S.K.: 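Below is a structure I'd like to ask you about.
Here the structure is a predicted model, which means the values were calculated and not measured.
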Amino acid sequence: MAWGSKSLGAVAAAAIMAALSSPIVAAAQSTPAPPPAAPTYTPAAANLAARTWFQDAKFGVFLHWGLYSELGGSGSPGLAEWIMQENKIPAAKYERLAHFFNPTRFDADAWVRSFKDAGARYIVITSKHHDGFAMFGSKVSRYNVVDATPFKRDPIAELAAACRRQGVKLFFYYSQLDWHNPDYFPRGRTGHTTGRPEAGDWERYLDYQEAQLRELLTQYGPIGGIWFDGWWDQEKTALRDRWRLDRTYALIHSLQPAALIVNNHHHAPFPGEDYQTFERDLPGENTMGFNGDKATIGRLPLEMAETMNGSWGFNLVDDNYKSPETLVRTMVGAAGRNANFLLNTGPMPNGEIQPENLATFHAIGEWMKRHGESIYGTRGGPVAPGDYGVTTQRGDTIYVHLLRAHDGRVRLPLTAKVRSARLLDGGAAVTVTARNGAVELAGLPTLGDAWDQVVALQIRR
């Protein structure tokens, strides 16, 4: 997701990224979109209500945490959660990491409190990443955090309880790709160096996947949804249409009708999915090369996921952190494009959140206290994103987010009749003049060091 370092290590990581795409890998550029996963899908009323809640929430926190966190990228600024693949670690050797995973500093309530104070309304955590290790108490496989580690606790259960106590929704990331399970066969684009037998039972693997999803949907109370990743691994194989998505999605919706399904396959949503996510790009953009013509913007709720540095999992040497200003501006840009912002942090192997990341979350939270009304509960505004910034809207209020320096005057192609205008921060009146199908805002203070200058326009319906 965000690779900004110019070091030789970063260049090597970029080369790996080009071959493997990313921790949430982009689909191959030349393959046509797959057929629908199911002939029809009619969401339940609870699901539709959850979609509205999701669009109103606007800001979530992504957590990539697992055995890979212990290695911290092994001194490379690349993708730490891909260390098993990148360093060609055999599955039998990688399993040894479980013997040392003991995050005694993990405090679910402290995590949730920090994210909630930052303004986040939901959390997405890796229940199983590509390495196949379950970060929850799974009865389907003993390769899980309760049975295989000295920690002996279920952090997912503790996090679910903390989220309920503090009013934050919890979603589960689940990797369809599995580098550990021998039944994940034939191999897709990855996982060819893990020392597994060149044999397996694909249908049995899908049964295993559904059994773990059933556990996630029945052991932890109501959840926000399932965040799938890894479909792309089989996109160029004969298995690309054999994921049984219709059956899997129906299982999820039957067990928890309000649970939302998203799949990071870099296509427009398939039937049965409830929102669409974009990897490290705003909807409609393709700076990372993941979201080309395959990422057609659908009609479902939208989200973009972004990292704080260059890795999703904890990386010991990657200090290339984005500033709070950059991240806030990205959040604003997402909101102006009618999308949520999902900001990732990789917890450390001891169970703590990196102090640098906590400081960033705190700064974002302070900004949200003053400007949150222009983000929460809004939809993309009537003026398309442009050099000036973006607009958001809630009811009769249009929020103009000015993200670029100006000379005190800003002209917008807006035909709505504006009753009044004020600066959101401080409430000072702003002069409004309507002329030739546009609105000019005048008397604005300079942008200065402001991350986002927000003008609230009251309009007549």
S.K.: Looking at the rings of H371 and W451, which for Trp means the six-membered one, are their centres under 6.0 Å apart?
M.R.: no
S.K.: For the residue pair G73 and N315, what are the closest heavy atoms and their distance?
M.R.: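 Result for this residue pair: CA-ND2, 4.2 Å.
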S.K.: Decide whether Y94 and D131 meet the rule of one side-chain donor and one side-chain acceptor closer than 3.5 Å.
M.R.: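 D131 and Y94 do have a side-chain donor-acceptor pair below 3.5 Å.
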S.K.: Stepwise, does the side chain to side chain donor-acceptor pair (under 3.5 Å) test hold for E235 with H265?
M.R.: CA-CA 9 Å; E235 188 167 14; H265 43 53; over 6 Å; no
S.K.: Say you draw a straight line from OG1 of T248 to CZ of R214; how long is it, rounded to the nearest 0.5 Å?
M.R.: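 Result: 11.0 Å between the selected atoms.
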S.K.: Looking at K236, is its backbone amide N or carbonyl O close enough to the side chain of R189 to form a donor-acceptor pair, meaning the two atoms are under 3.5 Å apart?
M.R.: no
S.K.: I'd like to know if the side chain of D281 reaches the main chain of M288, judged simply by a donor and an acceptor atom lying under 3.5 Å from each other, with no hydrogens or angles considered.
M.R.: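 Indeed, once roles are kept as given, a pair shorter than 3.5 Å links the two residues.
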S.K.: Under the side chain to side chain donor-acceptor pair (under 3.5 Å) test, which residues partner Q256, sequence neighbours left out?
M.R.: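 In terms of side chain to side chain donor-acceptor pair (under 3.5 Å), with neighbours along the sequence ignored, Q256 is linked to no residue.
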S.K.: Quick one: CZ on R51 to CG on D274, what's the gap to the nearest 0.5 Å?
M.R.: 4.5 Å
S.K.: Going by heavy atoms in the side chains, are F341 and M304 under 4.5 Å from each other?
M.R.: yes
S.K.: Which heavy atom in R337 sits nearest to a heavy atom in P385, and how many Å separate them?
M.R.: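 That closest heavy-atom pairing would be NH2-CB, 3.5 Å.
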S.K.: Which heavy atom in S138 sits nearest to a heavy atom in Q212, and how many Å separate them?
M.R.: OG-NE2, 3.2 Å
S.K.: Sort out for me which residue in F115, Y275, F171 forms a ring-ring contact (aromatic ring centres under 6.0 Å, His included) with Y122.
M.R.: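 Result: among F115, Y275, F171, F171 is the only option passing the ring-ring contact (aromatic ring centres under 6.0 Å, His included) with Y122.
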S.K.: Any non-hydrogen side-chain atom of M135 less than 4.5 Å from a side-chain atom of H129?
M.R.: no
S.K.: Mind checking whether W243 and F228 have ring centres under 6.0 Å apart?
M.R.: no
S.K.: Is there a side-chain contact between W231 and L245 (heavy atoms, below 4.5 Å)?
M.R.: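 Answer yes - side chains close enough.
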S.K.: Considering only distance and modelled atom types, tabulate donor-acceptor pairs under 3.5 Å from the side chains of residues 358-366, sequence neighbours left out.
M.R.:
unit_1: T360; atom_1: OG1; unit_2: E356; atom_2: O; d: 3.2
unit_1: E366; atom_1: OE2; unit_2: K369; atom_2: NZ; d: 2.9

S.K.: Taking the ring centre of each residue, are W111 and F106 less than 6.0 Å apart?
M.R.: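 They qualify: ring centres under 6.0 Å apart.
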S.K.: Name each donor-acceptor pair under 3.5 Å that joins a side chain in residues 54-63 to protein atoms two or more places apart or in another chain, with its distance.
M.R.:
unit_1: D56; atom_1: OD1; unit_2: R379; atom_2: NH1; d: 2.9
unit_1: D56; atom_1: OD1; unit_2: R379; atom_2: NH2; d: 3.0
unit_1: K58; atom_1: NZ; unit_2: Q55; atom_2: O; d: 2.5
unit_1: K58; atom_1: NZ; unit_2: T378; atom_2: O; d: 2.7

S.K.: Looking at side-chain heavy atoms only, is the closest gap between F172 and F136 below 4.5 Å?
M.R.: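 The answer is no, as the side chains (C-beta and beyond) never meet within the 4.5 Å cut-off.
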S.K.: Given 3.5 Å as the limit, does a donor-acceptor pair link the side chain of N144 with the main chain of A134, or not?
M.R.: no
S.K.: Can you give me the closest heavy-atom contact between F185 and P182, atom names plus distance?
M.R.: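 Closest approach of F185 to P182: CB-O, 4.0 Å.
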S.K.: Test your reading of the model: is there a side-chain donor-acceptor pair from E70 to the backbone of P349, 3.5 Å cut-off?
M.R.: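 Such a contact is absent between E70 side chain and P349 backbone.
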S.K.: Just so I know, are the side chains of S114 and I353 near enough to count as touching, which here means a heavy-atom distance under 4.5 Å?
M.R.: no
S.K.: Is there side-chain contact between Q85 and H130, with heavy atoms separated by less than 4.5 Å?
M.R.: no
S.K.: Could you please spell out the steps behind the salt bridge (Lys or Arg N to Asp or Glu O under 4.0 Å) verdict for R244 and D207?
M.R.: CA-CA 10 Å; R244 298 191 334 208; D207 290 342; 2.8 Å; yes
S.K.: Looking only at atom types and distance, does a side-chain atom of W65 sit under 3.5 Å from a main-chain N or O of M348, one as donor and one as acceptor?
M.R.: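 Checking the backbone N and O of M348 against the side chain of W65, a donor-acceptor pair under 3.5 Å is found.
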S.K.: Between K128 (side chain) and S175 (backbone), is there a donor-acceptor pair under 3.5 Å?
M.R.: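 Checking the backbone N and O of S175 against the side chain of K128, a donor-acceptor pair under 3.5 Å is found.
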S.K.: Does R142 CZ have over 12 foreign heavy atoms under 6.0 Å away?
M.R.: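 Open.
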S.K.: Please give me the minimum heavy-atom distance between T190 and D233, naming the atom from each residue.
M.R.: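 Distance-wise, the nearest heavy atoms are OG1-OD1, 2.8 Å.
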S.K.: Less than 6.0 Å separating the ring centroids of H64 and Y173?
M.R.: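 Between H64 and Y173, the centre distance is under 6.0 Å.
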S.K.: Between Y249 and I226, is any pair of side-chain heavy atoms under 4.5 Å apart?
M.R.: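 Y249 does not reach I226 side chain to side chain.
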S.K.: Within the distance-only criterion (no hydrogens, no angle test), does the side chain of D183 pair as donor or acceptor with the backbone N or O of D201 below 3.5 angstrom?
M.R.: yes
S.K.: Take a 6.0 Å sphere around NZ of K139 and say whether it holds more than 12 heavy atoms from other residues, nucleotides or ligands.
M.R.: no
S.K.: So, R329 side chain and D452 main chain: donor-acceptor pair closer than 3.5 Å or not?
M.R.: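 Answer holds: no.
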S.K.: Spell out, as yes or no, whether a donor-acceptor pair under 3.5 Å connects the side chain of N338 to the backbone of G380.
M.R.: yes
S.K.: Determine whether a donor-acceptor pair (N or O, by modelled atom type, separation under 3.5 Å) exists between the side chain of Q234 and the backbone of L239.
M.R.: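 Not confirmed, Q234 side chain does not pair with L239 backbone.
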S.K.: Taking all atoms of both residues into account, what is the closest heavy-atom pair of G272 and I261, and its distance?
M.R.: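 What the structure gives for the nearest pair is O-CD1, 3.8 Å.
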